[in-house]
There are 2 protein chains.
Amino acid sequence: MATQPTRADARGNRARILEVAEEVFGRGGSAASTEEVARLAGVGIATVFRHFPTKQILLEAVLVRHFDRLCERARSLAESDDPGPAFFGFFGQIVADAAGKLAIIEAFTDAGGDVGGNAAQGPRDLREAVGVLLRRAQDAGAVRTDAGLDEVHALLVGVSRAVAHIRLDERARARALEIVFDGLAPR
Amino acid sequence: MATQPTRADARGNRARILEVAEEVFGRGGSAASTEEVARLAGVGIATVFRHFPTKQILLEAVLVRHFDRLCERARSLAESDDPGPAFFGFFGQIVADAAGKLAIIEAFTDAGGDVGGNAAQGPRDLREAVGVLLRRAQDAGAVRTDAGLDEVHALLVGVSRAVAHIRLDERARARALEIVFDGLAPR
DNA sequence: GCATATACGGAGTGATGACTTCGAATATAC
DNA sequence: GTATATTCGAAGTCATCACTCCGTATATGC
């Protein structure tokens, strides 16, 4: 069930459902309906549930791919020998992408406190990866040393949510980012 | 209907419903159910709908009070002869209050673009009032002059949303605010 | 006290959304 | 080509939620 089904039509449908779900959940967040996914994918509602037994599982299938991709990028940036731009570039990219990725932001929001525990793996890994970028940028003197992961995570999620919910033009978004980046600069 | 009903029990119920609704919508946002309001207020569902014909009207009744209060505070701060602390203090207070006021943040999020038009009056007024505080703080040299209302509004909403959604301890919240405030300081 | 207008609440209604059932269609093995 | 195991989708179930109906209870004016 987690692997590809044997029949070609089933495999095709599964792929199309995943693709459409990514767009639908990105637009409407986790509250978007499974029926809309089915309709846009051109399949019956039952087909969606056959491939992904619950809405939660479908949602996670979509999210896992994103978080994997993001984590990978973060880890490769962590090897960069320019930790400052690596950190700020990653931060900026997540915010820039936030507009059409509501479900991701929602999931990432709950990546929170070590004690929380009910966060999924993907969000937690990403938070971790951001932590590495942050520490390296701090060691390189590009980010103030009194900024902890908790507040950087909150700012990242906050600005992303703002961008996702408010229709902000290019220039305003750039200035909002600049304000946060200046605030993160060493004193 | 907008005014107090004549019978004492009706007046009492109306007040209790408003009080409970404030708490329920604050906790669960505008998605919270009318039935929960009725249950916690100790009245039947019909009583809620008699006093507030639709959920939207109930929600607005709750929100109007808040926005009025906030706008008033903002306007009185705008008379202060210390525009810098007035602006930052107000910003910080909204963020600090955000935790239990999900519905407010949601409404304020949509106060956006002048063109938007579908935002309610309260949120738009508050945005306006923040604009006044911002301009005065800029004139006094306490806030960088290249920060526009659009991005300040986005940051205010973003940080508030982050605080409302993430369980952030006192210290982390203070540092997140400090980062944003430092970013807003003149270059 | 009594009459009655006012307000009350429980039991609907209709819409929506997650999830299931089951007979029809079809891809693949032979 | 045919058999059959697999997959398909329309219609149905069940829960939730906004909102309504209507018979019952009670606050208030006399």
Side-chain angles (χ1 to χ4, degrees), chain A residues 1-64 102-103 106-107 118 120, chain B residues 1-64 102-103 106-107 118 120:
Chain A
M1 170 240 295
T3 58
Q4 301 284 39
T6 59
R7 256 171 69 167
D9 52 349
R11 243 175 305 146
N13 277 338
R14 193 192 143 92
R16 189 146 10 94
I17 289 167
L18 260 182
E19 204 177 320
V20 168
E22 186 167 323
E23 202 255 322
V24 170
F25 288 134
R27 196 155 26 79
S30 60
S33 79
T34 322
E35 273 167 296
E36 192 184 352
V37 174
R39 189 157 29 83
L40 292 191
V43 301
I45 179 79
T47 300
V48 175
F49 278 100
R50 193 166 318 104
H51 287 291
F52 306 94
T54 69
K55 177 184 178 176
Q56 187 60 30
I57 289 173
L58 170 58
L59 187 55
E60 272 162 20
V62 169
L63 292 180
V64 159
L102 247 187
E106 279 177 19
N118 53 354
Chain B
M1 171 242 292
T3 57
Q4 302 283 40
T6 58
R7 254 170 69 167
D9 52 349
R11 244 175 303 146
N13 277 337
R14 192 191 144 92
R16 190 146 9 95
I17 288 167
L18 259 183
E19 204 177 319
V20 168
E22 186 167 322
E23 203 255 323
V24 169
F25 288 134
R27 197 156 25 81
S30 61
S33 78
T34 323
E35 272 167 298
E36 191 183 353
V37 174
R39 190 158 27 85
L40 291 192
V43 301
I45 180 77
T47 300
V48 175
F49 279 99
R50 193 167 314 107
H51 288 290
F52 306 95
T54 69
K55 178 185 177 174
Q56 187 59 31
I57 289 174
L58 171 58
L59 187 54
E60 272 162 21
V62 169
L63 292 179
V64 159
L102 248 184
E106 279 176 19
N118 55 353

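Reminder, nothing fancy here: chain letters follow the sequence lines and each chain counts from 1.
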Expected rows: protein N/O vs nucleotides 28-30 of chain C N/O, under 3.5 Å:
{"unit_1": "C:dT28", "atom_1": "OP1", "unit_2": "A:A8", "atom_2": "N", "d": "2.9"}

Each nucleotide N or O in nucleotides 16-21 of chain D that has a protein N or O under 3.5 Å away: list the pair and distance.
{"unit_1": "D:dA18", "atom_1": "OP1", "unit_2": "B:K55", "atom_2": "NZ", "d": "2.7"}
{"unit_1": "D:dA18", "atom_1": "OP2", "unit_2": "B:T34", "atom_2": "N", "d": "3.0"}
{"unit_1": "D:dA18", "atom_1": "OP2", "unit_2": "B:T34", "atom_2": "OG1", "d": "3.2"}
{"unit_1": "D:dC19", "atom_1": "OP2", "unit_2": "B:K55", "atom_2": "N", "d": "2.7"}

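The CZ atom of A:R39 sits 13 Å away from the P atom of D:dA10 (whole-angstrom rounding). In this structure, A:E36 places its CD atom 10 Å from P of C:dA18, rounding to the nearest Å.
As judged by a 4.0 angstrom heavy-atom cut-off over every strand, B:G12 is placed among residues making no nucleic acid contact.
Each of A:T34, A:N13, A:V20 was evaluated against A:V48; a single residue qualifies, A:T34, per the side chain to side chain contact (heavy atoms under 4.5 Å, CB included) test. Checked options A:T47, A:L40, A:V62; the residue passing with A:I17 is A:T47 (criterion: side chain to side chain contact (heavy atoms under 4.5 Å, CB included)).
For the residue pair A:V24 and A:A32, the shortest heavy atom distance occurs at CG1-CB, 3.5 Å. Taking each heavy atom of A:G28 and A:L102 in turn, the nearest pair found is C-CD1, 4.1 Å.
Inter-residue side-chain proximity for B:R27 and B:E23 is flagged as met; some heavy-atom pair is nearer than 4.5 Å. In this structure, the side chains of B:K55 and B:F25 come closer than 4.5 Å at one or more pairs of heavy atoms.
At C:dA7, none of the side-chain N or O atoms of B:H51 fall inside 4.0 Å of OP1 or OP2 (strictly under the cut-off). Between B:N13 and C:dA7 there is no side-chain N or O to OP1 or OP2 distance below 4.0 Å.
Rounding to the nearest 0.5 angstrom, the gap separating the CD atom in A:E22 from the CG atom in A:L59 is 11.5 Å.
The backbone N or O of A:S30 lies less than 3.5 Å from a partner atom in the side chain of A:E106, making a donor-acceptor pair.
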